[in-house]
Engineer: 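This is the structure, below, for whatever I ask next.
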Amino acid sequence: MVSTTAGKVIKCKAAVAWEAGKPLVIEEIEVAPPQANEVRLKILFTSLCHTDVYFWEAKGQTPLFPRIFGHEAGGIVESVGEGVTDLKPGDHVLPVFTGECKKCDHCKSEESNMCDLLRINTDRGVMLNDGQSRFSINGQPIYHFVGTSTFSEYTVVHVGCVAKINPTAPLDKVCVLSCGISTGLGATLNVAKPRKGSSVAIFGLGAVGLAAAEGARLAGASRIIGVDLNSNRFTEAKKFGVTEFVNPKGYDKPVQEVIVEMTDGGVDRSVECTGSINAMISAFECVHDGWGVAVLVGVPNKDDAFRTHPINVLNEKTLKGTFFGNYKPRSDLPAVVEMYMKKELELEKFITHEVPFSEINKAFEYMLKGEGLRCIIRMTA
């Protein structure tokens, strides 16, 4: 497939955030051609993740506006820059907020996915190659977001942040694998690694937590205990294999003590998906001594400190962390897509809303109200 627009500036529509917390504005922008080790993508479907909302509200960093947000998406390669050999126009891809250069020590290690070159950077609003943006409006640069900026009909991404996938996979479904769903799924399957018949506690039943529960279901866990302060989430969680529910507000003692009593000594594995430091401590202290493993997924506040008695460690409880479910984007995501294609992984139940690109602000409204899990945004009519 030969691109007729390769090497040319493309004019297209993008949802631009001009200032913090204000509705996005659909604008006509110019997208420059990809430079060395970059690809330009035509985005067909994107979805809204809580991280987009967090930085749109300017809670996570020094505000950087105007900006094009978006980092969960599926699209097609429109053109490639110099030096790109493993992608070509027409390839179906998932852009990812973190990358895999395949050259650094992390990429060469089987134990890490934290690429030195392309690890997530929320403060950078330009491309690595030249420190410039590929987006502009009437000559005014528009900043990128985590290297993806998928709330645009076309975007430019470093080749190391693009996973080539099965072209028959429906992009309106697998696009959600670009961030949160893979993060939760991998936290369980790749890091916690529960055995068949084991018990798993999931702290936080949002999209990431439910993906962690889905991982426990796929692993064959016999007891999956959902922990959340919102009891309204319990019914939905049953679809993801959760068998029991605990609301910490319903007890007059720490929830870890409740879980230890429920399970005669503690769960075999726990996965924390809230970012609450108290939930992190509870997740660690509720696992069984001798073999219990707790995995932290949620991002805590910068001033938080994890406190537990050293006896918990001496009693052979293990605490682990994970980033993007320990998946290497280019090497591992294609196989996760195949899990969906083989009907092992169920993605439809994560998708609760769908809106056209012109109504992208509705997706923000749904998330701010806590309605549903993932909202798919159709980029074309």
Engineer: Would you tell me whether Y327 and E100 have side-chain atoms, one donor and one acceptor, within less than 3.5 Å of each other?
Structural biologist: no
Engineer: To the closest 0.5 Å, what do you measure between OH (Y154) and CD1 (I10)?
Structural biologist: 5.0 Å
Engineer: OG of S231 to CG of N247: how many Å apart, nearest 0.5 Å?
Structural biologist: 4.0 Å
Engineer: Do the two ring centres, one from W18 and one from F65, sit under 6.0 Å apart?
Structural biologist: no
Engineer: Show the numbers, then the answer: is there a salt bridge (Lys or Arg N to Asp or Glu O under 4.0 Å) between R233 and D228?
Structural biologist: CA-CA 8 Å; R233 289 179 162 179; D228 202 290; 3.0 Å; yes
Engineer: Under 3.5 Å, is there a donor-acceptor pair linking the side chains of N278 and S276?
Structural biologist: no
Engineer: What's the separation between atom NZ in K239 and atom CZ in F350, rounded to the nearest 0.5 Å?
Structural biologist: 11.5 Å
Engineer: Looking at NZ of K103 and CG of L117, how far apart are the two atoms once the value is rounded to the nearest 0.5 Å?
Structural biologist: 9.0 Å
Engineer: Taking only distance into account, with no hydrogens and no angle test, what donor-acceptor pairs under 3.5 Å do side-chain atoms of residues 172-187 form with protein atoms, sequence neighbours excluded?
Structural biologist:
| from | atom 1 | to | atom 2 | distance (Å) |
| --- | --- | --- | --- | --- |
| S178 | OG | A73 | N | 3.4 |
| S178 | OG | A73 | O | 3.1 |
| S178 | OG | P95 | O | 3.0 |
| S178 | OG | C175 | O | 3.4 |
| S182 | OG | L177 | O | 2.6 |
| T183 | OG1 | C179 | O | 2.9 |

Engineer: Give, for atom CD of E153 and atom CD1 of I26, the distance between the pair rounded to the nearest 0.5 Å.
Structural biologist: 8.5 Å
Engineer: Name the atoms and distances for all side-chain donor-acceptor pairs under 3.5 Å in residues 200-220, with sequence neighbours left out.
Structural biologist:
| from | atom 1 | to | atom 2 | distance (Å) |
| --- | --- | --- | --- | --- |
| E214 | OE1 | R217 | NE | 3.2 |
| E214 | OE1 | K349 | NZ | 2.8 |
| E214 | OE2 | R217 | NH2 | 2.8 |
| E214 | OE2 | E346 | N | 3.3 |
| R217 | NH2 | E344 | O | 3.3 |

Engineer: Look up atom SG in C115 and atom CD1 in I120, then write down how far apart they are to the nearest 0.5 Å.
Structural biologist: 13.0 Å
